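Data block below; observations after.
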2 protein chains.
Amino acid sequence: MATIKDVAKRAGVGVGTVSRVIAGSGPVSAEAASRVRRAIEELRFRPSHAARVLQKGQSQTIGVFVPLVHGAFYTPILHAIYTTLRAYGRHMVVDFGQTLESERQDALDGAEFLTDRGCDGLIVMGTALKPADIEHIAELQPKFVLLNRCAPHFRAQCFAPDHHAAGAAAARALWEAGHRRFAVIEGPKSSLDNQQRMRGFLGTLAEHGIDPEGVPREQGDFSPESGRTAAQALLARARTFTALFCANDEMAIGALAGVREAGLTVPGDLSVMGYDGIDLTALTVPPLTTVLIPWRQIATCALHHLLNLCYGMSLPVERDIPAQVLWRESVARLS
Amino acid sequence: MATIKDVAKRAGVGVGTVSRVIAGSGPVSAEAASRVRRAIEELRFRPSHAARVLQKGQSQTIGVFVPLVHGAFYTPILHAIYTTLRAYGRHMVVDFGQTLESERQDALDGAEFLTDRGCDGLIVMGTALKPADIEHIAELQPKFVLLNRCAPHFRAQCFAPDHHAAGAAAARALWEAGHRRFAVIEGPKSSLDNQQRMRGFLGTLAEHGIDPEGVPREQGDFSPESGRTAAQALLARARTFTALFCANDEMAIGALAGVREAGLTVPGDLSVMGYDGIDLTALTVPPLTTVLIPWRQIATCALHHLLNLCYGMSLPVERDIPAQVLWRESVARLS
DNA sequence: ATCCTAAGTGGAAACGTTTCCACTCACAGT
DNA sequence: ACTGTGAGTGGAAACGTTTCCACTTAGGAT
């Protein structure tokens, strides 16, 4: 591989001049610049990223930690981040967690990995992180933002929807459609955002005089398959409900399958409501009524904040983008 | 950030000794080793990845190019690669393409990016690559494997299922179930693997005396949404078929929705068959009959080959893992 | 003529590792 | 006593950039 010295020799200039041409920094005569550019072409010179990072201590790269590779939830967010980053000429390196149970350790490892790779800033997703974990990340790389997790000590660096309000909105929508008997499929206990939306949902029902303790509930792990088995378990116990609220869309999609296997139809025999608003919900049978969380926008704002932090930009950052119920066909209007 | 020199000073040894302790390479006295380890702890020393790469010219990292971030197809493959890589103590850096149209350019850019980052080897997915593109990649980084693309000049480095045979198997299965009138939703023209499975499918029908030219076809872009509109277009033209073969599962899922919107039921009025065998097909309504391509295994073999290439390992590499039809409920048995 | 400025330039130093070579011991074999 | 041998060690050189400083030159102001 050709080095900058080879280029300099070939162009008959010093290495400083070559560096200036490449970076477009200092003054260079047109004459020298063109000779350098030619030499770069001829030698197929590519600057060594490692040497650059070593010297500058900057890499123009943002590191992203995502708890899971697979699944329909994270990839659109990743896509939004990636697209924005490209627009500003920066790069992205992603690290993934393995399972939901190992999320905490995975996130810590990921933060280490990404920081070691010279990332100028970090975006960390994951709702199972404990305050100590977040401190740890902050120590590793103070320039970070949290997506879908709120940490009291780092309020400005946290970007998350109001899950409590969104859960409440779901309950209200179902209530107004005439439903009075409910069941829920919740996510893992470790997931703080799941807890919040469940509290919002159940709390609103309580306001209408329904005892949260009396609402049948099953727990899933956010995967479609877990939604299916949870729905079946619920149906096997007792079919005392007309509406089933799921903590995320993927479980709701699984629930659709589970309900069908039980010989029931949606929304004829039972209404199903999802949460998140992933694209696929538009194409299920029947199309899924869900709570649309503006994930792409939230992610973009988080990234903007991080870019401002890392590179002194001043991109717009909006907080509190509201969620809204997306009516489709999986919920019956009883009244 | 503490450097190796700081550690050496604190431990009262030379930098060489510290380096040897960290790498576990040369001989070091137990006494010195423990002093060094202590100093590392105390200073919270983390070796600079950039300096290492610069010096060694190796990074223990494999680069992966994936044409699209979103979508249910690539992520399980990515997951398989990631898991295997972790098992062998290597790292992964991923780069993504933006759209299917820009795949060629994206792949080239991606290969450049990943090579610059010091990846020891590359896994490149994408079926739209032209021979010249592949040459270009080979020049950038000779240690690479192609996933789902066959290049004559790099046969040993190519890992792809036999799409022709798999397409033929789909046709045979449908025929044996008693279907005689067909329609297809194909993928983009630029996708070579789509062409192959379509040739396999249509060719087999031809063997049974059905004129491929007479089979109604619509083109999608592999997305669920495109499957939906394609199905509707097909149905609007003329409903002369009993079985609809889709070039991938995601379009098949969209087709399921499209068929329902047209007021028809699957498999009662129309049978739908997918291709790939993504996990979600088990949970659609109705569960989708599809051609199961062993993507995870193929990806793992490709990675094994690459690891052998890069690090002199001798991991097992199997080629020609067969596809098979996965019967579920979206195809009616007419006979 | 003399000074000052600014454009243009070359090259040494620095970034933080690994590797290699030269050196010192201690100890075993003659 | 004299030589090998090999474990243990320190430190210089190298990896390929960027940055900074010192230097030359040309041109305008005095």
Side-chain angles (χ1 to χ4, degrees), chain A residues 1-40 43-61 91 112-113 115-120 140 311, chain B residues 1-40 43-61 91 112-113 115-120 140 311:
Chain A
M1 207 51 205
T3 75
I4 202 172
K5 277 187 192 164
D6 301 328
V7 174
K9 199 173 290 173
R10 177 134 190 162
V13 299
V15 291
T17 304
V18 177
S19 179
R20 280 184 294 259
V21 170
I22 295 171
S25 46
V28 180
S29 68
E31 156 68 9
S34 80
R35 281 216 310 278
V36 167
R37 268 188 281 272
R38 176 116 76 90
I40 288 177
L43 296 174
R44 294 164 166 275
F45 167 73
R46 321 216 72 231
S48 153
H49 178 74
R52 263 190 186 170
V53 171
L54 179 58
Q55 164 63 30
K56 304 236 319 176
Q58 263 220 0
S59 62
Q60 308 293 347
T61 301
H91 300 280
E112 264 188 21
F113 172 73
T115 307
D116 282 355
R117 299 277 143 157
C119 289
D120 301 330
L140 238 32
Y311 307 113
Chain B
M1 207 53 203
T3 74
I4 201 172
K5 275 187 193 164
D6 301 328
V7 174
K9 199 173 291 175
R10 178 136 193 162
V13 300
V15 291
T17 304
V18 177
S19 179
R20 280 185 294 260
V21 170
I22 296 172
S25 46
V28 180
S29 68
E31 156 70 8
S34 81
R35 281 216 312 278
V36 166
R37 268 189 281 271
R38 176 115 76 91
I40 288 177
L43 297 174
R44 293 164 169 273
F45 167 72
R46 320 216 73 231
S48 153
H49 178 74
R52 265 192 183 165
V53 171
L54 179 59
Q55 165 63 29
K56 305 233 321 173
Q58 263 220 2
S59 62
Q60 308 293 348
T61 301
H91 300 279
E112 263 186 23
F113 172 73
T115 307
D116 282 355
R117 298 277 144 158
C119 289
D120 301 330
L140 238 33
Y311 307 113

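Small disclaimer: the values here were computed from a predicted structure and weren't measured. Below, read A as the first sequence line, B as the second, and so on, with proteins coming before strands; counting in each chain starts at 1.
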Sequence neighbours excluded, the answer for ring pair (Phe, Tyr, Trp, His ring centres under 6.0 Å) partners of A:H49 is none
To the nearest angstrom, the CZ-C1' distance between A:R52 and D:dG16 comes to 11 Å
note: B:D6, atom CG; C:dG16, atom P; distance rounded to Å ~ 9 Å
Residues at least two apart in sequence or cross-chain that pass ring pair (Phe, Tyr, Trp, His ring centres under 6.0 Å) with B:F45, listed by chain then number, are none
Applying side-chain contact (heavy atoms from CB on, under 4.5 Å) to A:V28 and not counting sequence neighbours gives A:T17, A:R20, A:V21, A:A32, A:A33
Practice item. May I ask you to check whether A:T61 and B:R117 show a side-chain donor-acceptor distance below 3.5 Å? Key: yes
Notebook entry, point to check: What is the nucleic acid contact for B:S19, judged by heavy atoms within less than 4.0 Å: base, sugar-phosphate only, or nothing?
Noted result: base
Side-chain (B:D120) to main-chain (B:Q60) donor-acceptor, under 3.5 angstrom
yes
Could you go through nucleotides 22-27 of chain C and list every protein N or O atom that sits under 3.5 Å from one of its N or O atoms, giving the distance for each pair?
none

Taking only nitrogen or oxygen atoms into account, show me every contact under 3.5 Å that the protein makes with nucleotides 8-13 of chain C, one pair per line with its distance.
residue, atom, partner, partner atom, Å
C:dT9, OP1, A:S29, OG, 2.8
C:dT9, OP2, A:S29, N, 2.7
C:dT9, OP2, A:S29, OG, 3.1
C:dG10, OP2, A:G14, N, 2.7
C:dG10, OP2, A:T17, OG1, 2.8
C:dG10, N7, A:R20, NH2, 3.4
C:dG10, O6, A:R20, NH1, 3.4

B:K5 NZ to C:dT18 P, in whole Å, measures 13 Å
Contacts of A:F113 meeting ring pair (Phe, Tyr, Trp, His ring centres under 6.0 Å) (sequence neighbours excluded), chain-then-number -> B:H91
Rounded to whole Å, the CG-P distance (B:L54 to C:dA14) equals 17 Å
| task | May I ask you to evaluate whether A:K56 reaches the phosphate of D:dT19, defined as a side-chain N or O under 4.0 Å from OP1 or OP2? | result | yes
Axis-to-axis angle across the helix from C:dA1-D:dT30 to C:dT30-D:dA1, five pairs each end, nearest 10 degrees, ~ 50°
Atom CD of A:Q58 and atom P of C:dC15 are separated, to the nearest Å, by 17 Å
Those residues at least two apart in sequence (or on a different chain) that pass side-chain contact (heavy atoms from CB on, under 4.5 Å) with A:K5 are A:T3, A:V15
Hits for salt bridge (charged side-chain N to carboxylate O under 4.0 Å, His left out) against A:R10, two or more places apart or cross-chain, chain-then-number order -> A:E42
Residues at least two apart in sequence or cross-chain that pass side-chain contact (heavy atoms from CB on, under 4.5 Å) with B:Q55, listed by chain then number, are none
So side chain to side chain donor-acceptor pair (under 3.5 Å) across residues 23-32 of chain B, not counting sequence neighbours, yields B:E31-B:R35
Taken in chain and number order and not counting sequence neighbours, the residues that satisfy salt bridge (charged side-chain N to carboxylate O under 4.0 Å, His left out) with B:D116 are A:R46
Side-chain contact check for A:I4: nearest option of C:dT18, D:dT17, D:dT19 is D:dT17
